[in-house]
There are 2 protein chains.
Amino acid sequence: MVTLAEVARHAGVSASTVSYVLSGKRTISAPTRERVERSIRELGYHPNAGARALASSRSNIIALMMPLRTDMYLPVMMEIAIAVATTAREHAHDVLLLTGQEGPEAARRVVGSGLADAMILMDVELEDQRLPLVRVTPRPAVLIGLPSDTTGLTCVDLDFAATGRLCVDHLAKLGHRDIAVVGEAAAVYERRTGFAERTVRGVRERADELGMRMLHRPCDGSYESVAGTLARIFDERPETTGIVVQNEAAIEPLLGLLRQQGRAVPEDISVVAVCPEQVAAGTSVALTSVAIPAQEMGRLAVELVMARARASAEGGDPSSVPPRIELLPPALTVRASTGPAPAAR
Amino acid sequence: MVTLAEVARHAGVSASTVSYVLSGKRTISAPTRERVERSIRELGYHPNAGARALASSRSNIIALMMPLRTDMYLPVMMEIAIAVATTAREHAHDVLLLTGQEGPEAARRVVGSGLADAMILMDVELEDQRLPLVRVTPRPAVLIGLPSDTTGLTCVDLDFAATGRLCVDHLAKLGHRDIAVVGEAAAVYERRTGFAERTVRGVRERADELGMRMLHRPCDGSYESVAGTLARIFDERPETTGIVVQNEAAIEPLLGLLRQQGRAVPEDISVVAVCPEQVAAGTSVALTSVAIPAQEMGRLAVELVMARARASAEGGDPSSVPPRIELLPPALTVRASTGPAPAAR
DNA sequence: CCCGGGAGTTGAAGCGCTTCAACGAGGTGT
DNA sequence: ACACCTCGTTGAAGCGCTTCAACTCCCGGG
């Protein structure tokens, strides 16, 4: 393994010069810099990560914690993870992937050992176990998701309440008066992961304001479960003409079932989905939907966490970058699954 | 930040003793060990990862490279990643997530800098760009997937050829004579990612052996694409009674379309899927399927890579753990989507 | 002609850990 | 009685890098 010292010798300069060429923290004359850079290339030098971390007490690693309990929709998680990794590289950082099992311990370990400079937490619960640590640690952290108490925390998420309202507005404008929400699996609500509840709350609020009637039913993604949920909805409220789905696994079964039951989409029933763009565009009936901006969330989380990391590395004043709740505004794209409410009943 | 030296002072022993308590590489008397352990707990000590890596030249990090080109089915990737992370922790290692963008450079960087002790490569292409590096580097590496030349490499994968044969055997036993494969997106074949081709080859071989006729059509996951693919299949070969699907996104649309066309599953058409268990069980018709053992693959990859890492760390003889191709045998689970071929035509 | 100051470069002191060689104490075998 | 182990513990030498303080030049101003 080539070391900095060897590069220095090869280039005929001191070790510190090589270090400064690498970091750019001191001015180096052009000829020297070029000589050093040539030596680096010729010897195939790569700075040793451990030594670097030890000397600088910065690892250039971001920890990405995703507990990944069951019932979470993996593709969205994955998309966020990819965006995080990609964006982190743009800041010369790598991403350490931490999953469930260890729970809050993992965070403690990673932060305590200096393995990571910063953390991004996914799948945040309302009363998340990891929050006490996050509040105490000097390492910058960003949550993707919203806990119940956000004081002092930096969070990124889609504005799910606004999402719910937006869906209702769209349906209301089309003349629908009775709507239903086919939601995430019951386990998701029980776990009190905020996003599912927030959507439903948004829907309910706006429905109330507009004098509409609404029903909410959790539903896991299996065909049977969707069938049962639909049956109960139409049984209880046969006049339902609008459905909001927030559960990607349920979408295609839902469309299939409606078709089977002779309910045409959108002539008899309008469907609005909350899901990634890609999903909405590829279904049997192209879905009017509010996109879940997974990539944007991942990217933004990294930008925010890096801003704080940079502040505490340079100025040393972490409060120069104040905590901040970043709720992305939802956008509704109209496709083929929504239309005017059937006039006659 | 608490250091080893402080722990030593607190426990009234030397630094090396603390280190040996931590690593267990020398015998330490019970009373001393306990004293040290108490100090560690009381002070809340966490060994510094950088210092450790520098001194021991082992980082306890495994790099997981997933290029994640488009068209890959994310949930399976994700499941593998989770299994890798979980299993790595059992070996006291963490996982560094490397995604596309940088390409083979990422591997060079991570290995060159000593950031990772070992690598697991996913989404392996037949002529993978990363192979030259993998063959040269002293760091242990395991591929998930099969390149065309596997000499000197350790690989883990489902035996997709056997999977293809297994599907055919099942259909043949039920009396089907004309079958079709609804495959992955055309891009997947063009990229020459082995697994998709291997399944089709397995199907074709066995079909030939048994004197069956078979058709293969790539297909992306969108509803339209599935519709087009199905139309072409039945247009070209109306006597088709068996379908093998290897494309999870296509499954639910496929079932929906067959239903719409009045083709009953399994009375008129039998469907065998190659997909994760979980997917097969939750569809509108429970699918006879060959499972993609994502978890097992991830776990096995880590076990193999750790075995090699351990060998080169201890004995120093890396050849004590020879390279090895581990093809997991497929298992077919019969569910409700396959039945006897319709006798009359 | 001297002094002050910036630019470019360097030596050396760590960063916190692992590990080697060595040492004393207490057996065991002869 | 001796040599010779083994066991438990230790001091010290790095691992490869960053960064501080200092030093040398060289330039411009007084």
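Residue numbering restarts at 1 for every chain, and letters A, B, ... go by the order of the sequence lines. If you're wondering where the values come from, they're calculated on a predicted model, not measured in any experiment.
Thr32(B) comes within contact range of the sugar-phosphate backbone alone, with a heavy-atom separation under 4.0 Å but no base atom that close. Ile28(B) comes within contact range of the sugar-phosphate backbone alone, with a heavy-atom separation under 4.0 Å but no base atom that close.
Side chain of Asp94(B) to backbone of Ile61(B): no donor-acceptor contact under 3.5 angstrom is found. Under a 3.5 Å cut-off, the side chain of Ser19(A) and the backbone N or O of Ala15(A) do not form any donor-acceptor pair. Using modelled atom types, one side-chain atom of Asp117(B) and one backbone atom of Ser59(B) make a donor-acceptor pair closer than 3.5 Å. The backbone N or O of Pro104(B) lies less than 3.5 Å from no partner atom in the side chain of Arg109(B), so there is not a single donor-acceptor pair. Listed for the Ser57(B) side chain is no donor-acceptor partner under 3.5 Å among the backbone atoms of Ala53(B). Checked by atom type and distance alone, the side chain of Thr137(A) never pairs as donor or acceptor with a backbone atom of Leu133(A) at under 3.5 Å. Judged purely by atom type and a 3.5 angstrom limit, Arg324(A) has no side-chain atom pairing as donor or acceptor with the backbone of Thr154(A).
When the side-chain nitrogen and oxygen atoms of Ser29(B) are compared with OP1 and OP2 of dT9(D), one or more of them lie within a distance under 4.0 Å. Residue Thr27(B) places at least one side-chain N or O closer than 4.0 Å to OP1 or OP2 of dG8(D). Contact annotation: Ser14(A) reaches the phosphate of dT10(C) (side-chain N/O to OP1 or OP2, under 4.0 Å).
Rounded to whole Å, atom P of dC17(D) lies 12 Å from atom NE2 of His46(A). Rounded to whole Å, the distance from CD1 on Ile40(A) to C1' on dC17(D) is 13 Å.
Checking dG8(D), dG11(D), dC17(D) against the side-chain heavy atoms of Asn48(A) singles out dC17(D) as nearest.
Glu34(B) and Arg38(B) are not joined by a salt bridge, as no carboxylate oxygen comes within less than 4.0 angstrom of a charged side-chain nitrogen.
Taking a 6.0 Å sphere around CD of Glu6(B), one finds it holds more than 12 heavy atoms contributed by other residues, nucleotides or ligands.
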I'd like a table of atom pairs between the protein and nucleotides 18-25 of chain D - only N or O on both sides, under 3.5 Å - with the distance next to each one.
| unit_1 | atom_1 | unit_2 | atom_2 | d |
| --- | --- | --- | --- | --- |
| dT18(D) | OP1 | Arg52(A) | NE | 3.0 |
| dT18(D) | OP2 | Ser19(A) | OG | 2.8 |
| dT19(D) | OP2 | Lys25(A) | NZ | 3.0 |
| dC20(D) | N4 | Tyr20(A) | OH | 2.8 |

Dump the pairs, protein N or O against N or O of nucleotides 23-26 of chain C, anything under 3.5 Å, distances to one decimal.
none

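Of the two residues near DNA chain D, Ala5(A) and Arg33(B), the one whose nearest nucleotide lies more 5' is Arg33(B).
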